[in-house]
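One structure below.
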Amino acid sequence: MPDIPHPIAPQLQAAPRPLGLELRVHGVHGASPERLLDDPRTVRVTGDATAAVFRRTADADAEAHPERYAGRPVVEAYCWSRLTSGNGSRALWLLLLPFMVVNLAHWARPAVPDGLPQPRAVRTYGLLVRIIALSLTLLLIAAACEVALDLLAWQCAGSHPCTRSRPWLHFAEPGRWWGQPGRRLALAALVPAALTGLLWFLSNRTWSAYESQTPPADHENGTAAPGAPALGRPGFWYGRRIVARLRAAHTAAGLLTVAAAVAVPVARRDAAAGTAVLESAGWALEALLVAGAAAVAWVVCRRGRTEARADHRLDRAATTLLPGAALALLTAVLVYACWSRPGWTSSGRLPGDFAFGLLMLGQGCCIVALAAVARSLYRRAPDPATALRGLGGPAVAVLACALGGVMSGGVAGRFADWLGDEAPAEPPVLLAWQAAVLPPVLLALACLAVLHAARAARTRRRIAAGVAAEYPGSVPDGDRSRRIAGARTAAALTDSAPRFAAALSGITLVLGAGALAGAWLTGQVPGEAAHGAHPLLEAAARAAQDAGSWLVGLGFLLFVTWGRRAYRDPAARRTVGVLWDVGTFWPRAAHPFAPPCYAERAVPDLTWRMTAWTGRTGGRLVISGHSQGSVLAAAAVWQLPPHVRHRVALLTYGSPLRRLYGRWFPAYFGSGPLLSLHRDVDCWRNLWRATDPIGGPVVPEAGPAVDRGPLPDPVAYGRTEQQPLPAPVLGHSDYQDDPAFAAERDALLARLSGPRPLPDDRCGADGAPPGAAPAAASGTGAGAGLPAPRLSRERAEPGDPPGTAG
């Protein structure tokens, strides 16, 4: 399309267009620079071994020779996959899976209505999620205490048959110095204490590499404008303070849990023995444990995230004194437990069943309260596109608690099996009831899957009847039509995910409550509790118990095998990294031990690159993102200063911005925020296919014409002169090979070369048909000579404003 002269700038018609740059951002599973740039010769422009920007070697000096790039852009690639699948230590992140899931629940809250801020409801929602997250830390450490203190130190080491078959336990036999139960408990307590230290170490290490990334000074010095989208706030991708504070609280909670597991049985023995000095010491230590628990609760509940500005401060009292005091108290408890108590022997289970039940009850109450708050928020601004009508966050929290319970029960059950028949007792009864819940949950999901499969088969037949008509001049082929229709039907199954999540979370919550009631009321495992009942009920209970134990054991073995393979094999680690690509996009707002948020490194990287390059060259920039890369690209554009944002266009393809993120995270990617992003960005186009299970349109149907699609897939129905061989169904891949990609990218660059568009004349909103390149005016790049971003410096900050994210 020929250039149309701009009426207000005729004197600029002869000026050359400024240099154009396409910055590509890959999606999940990563991609090499060579593949992204389609060239085996690449060079790193900026960045490190973890995340960097690459160019073709021939384009390394493009800024010095802009005349070479008339009519085509320079192409760069930002590779961030090593943020989630780098070295072998990433395999340890599998241990943190429940923490990652509960952190997602924080971000899955319903949107707050425009003009009707609800800071109290939002803060309450965030507070409840943080409490649930804290309970998961307590559950993990309690499970480690169950294995090390109860099964090993209390039950096995207190039994001659168990120690006789294990030479490495001879030193703890009854009658030896370490044979006293208190001393055995003190020694075994080092295992869960070391686990707590490992969690602290992993969190602190990733905190220094991820949350502490410095934003551009021009942006981080400001504060959020009223009504600004959340992802555009200066402090959104700078979670340094909240992670440090929560890390201290969770570390202290873990150490206090270990101290309580040792102190309670020892203090009970001293109270029963009537030893005045030791009894008084036990009471004093228990009082200090209660005080420590209150301090942890106060730190967790006191404040949430600060997003209105980049908060550099750290709560030194909480981050230093709280873990230190908890460690000192644990040391005092261990010394107290090692005091000589002649004649004391261990028998039965260590008192702990009640603790597991109390944790499960607290989680259930918090989830119910969370659902009430979420439903209240949703009713104020109902959006049919929101997953589960606003209950997506509570559903995710249920799944996090279920994962934590299954992992805890699996560890304890497999360790008890490893001890064999020599151990005189078994794990807590509640863990057996939790395992018995698994078979009915899986059976219900299987029935739901069968129903969806039958519906999908009918949909496939209906679609196949009209596929050939979409390709004029093609000869109908039944097999070809069915394959194409099958790809479209399979892609549409993504939209059924909320139903599966609702069924899974609802059934899990109800059966979990039943398991807790059964364990407390009977004190027996399901098979024994149903003894004497109707034969069918007794058989069902015993079958559920046995099948559940087998499933938990199988899951535990698969989990360990998966982790070992990911540790040793980089290819397997990249596969596991897909899980982190999807689950760790969000900052650690609820759980500090969750895998780190890679976006807190990637978004500042992209923001710095776009700000620096446009400021130095005055050129035009298109940031193009595929799949998860489109989410990073949108988040980075939101963070750009206004004068830079108007030099940048956004091209997304295979994007889950609305289809997945908009449904599950409506407060941040719902219809309102995405329309706001379109208003903030002068040019935005999105490509999608009906065969893509991930990507889709990004703005509501009544919104501006940002979306182009569905693109033909395959590009040809049968053999043609242009496609003499059968064209593949691409689905979610190879968007850059589609002719629409280059056409839309070039149209965006042409649009950016003209004067800044008026608010009602943005890319995609001018009424042009899909795929038509909008007219552009020639002219020099506005914004040439803009200052490059400055390095921000740490400084004192005023007090926090009211929390905007709980």
Exercise: identify the closest heavy-atom pair between Val243 and Pro592: O-CB, 3.8 Å

Of all pairs that satisfy side-chain hydrogen bond (donor to acceptor under 3.5 Å, both in side chains), the ones with a partner from residues 381-401, not counting sequence neighbours: none

Donor on one side chain, acceptor on other, Gln639 and Thr607, under 3.5 Å: no

Thr489 side, atom OG1; His452 side, atom NE2 - distance, nearest 0.5 Å: 14.0 Å

Centroid separation Trp664 to Phe669 less than 6.0 Å: no

4.5 Å side-chain heavy-atom contact, Pro440 and Ile507: no

Trace of the side-chain contact (heavy atoms from CB on, under 4.5 Å) decision for Arg130 with Leu127: CA-CA 5 Å; Arg130 292 199 300 275; Leu127 170 62; 3.9 Å; yes

Passing candidate, ring pair (Phe, Tyr, Trp, His ring centres under 6.0 Å) with His26, options Tyr653, Tyr78, Trp80: Trp80

Non-hydrogen side-chain atoms of Arg247 and Leu199 separated by less than 4.5 Å: no

Residue pair Asp605, Arg609: steps toward the salt bridge (Lys or Arg N to Asp or Glu O under 4.0 Å) verdict: CA-CA 6 Å; Asp605 281 357; Arg609 181 57 179 167; over 6 Å; no

Gap between atom CG of Leu95 and atom CE of Met407 - 0.5 Å precision: 5.5 Å

Stepwise side-chain hydrogen bond (donor to acceptor under 3.5 Å, both in side chains) check, Ser655 with Ser630: CA-CA 6 Å; Ser655 174; Ser630 69; 2.8 Å; yes

Centroid separation Trp107 to Phe236 less than 6.0 Å: yes

Closest non-hydrogen atom pair between Val299 and Ala249, with its separation: CG1-CB, 3.9 Å

Side-chain touch Ile242/Arg245, heavy atoms, less than 4.5 angstrom: yes

Verdict with supporting geometry, Val25 and Gln628, side-chain contact (heavy atoms from CB on, under 4.5 Å): CA-CA 9 Å; Val25 187; Gln628 188 68 16; over 6 Å; no

Considering all heavy atoms, the nearest Gly405-Leu139 contact: N-CD2, 3.7 Å

Approximate separation, where rounding is to 0.5 Å, of Ser203 OG and His250 NE2: 9.5 Å

Steps toward side-chain hydrogen bond (donor to acceptor under 3.5 Å, both in side chains) verdict (Trp688, Thr652): CA-CA 9 Å; Trp688 66 282; Thr652 54; over 6 Å; no

Close side-chain approach of Leu551 and Leu442, heavy atoms under 4.5 Å: yes

Where Asp707 and Arg685 come nearest, the two heavy atoms and their spacing: O-NH1, 4.2 Å

Tyr735 six-ring face occupied by Arg689 cation (under 6.0 Å, within 45°): yes

Electrostatic pair Asp495-Arg659, nearest N-O below 4.0 angstrom: yes

Straight-line distance of Ile132 CD1 to Ile367 CD1, nearest 0.5 Å: 5.0 Å

Aromatic ring proximity, centroids under 6.0 angstrom, His106 and His591: no

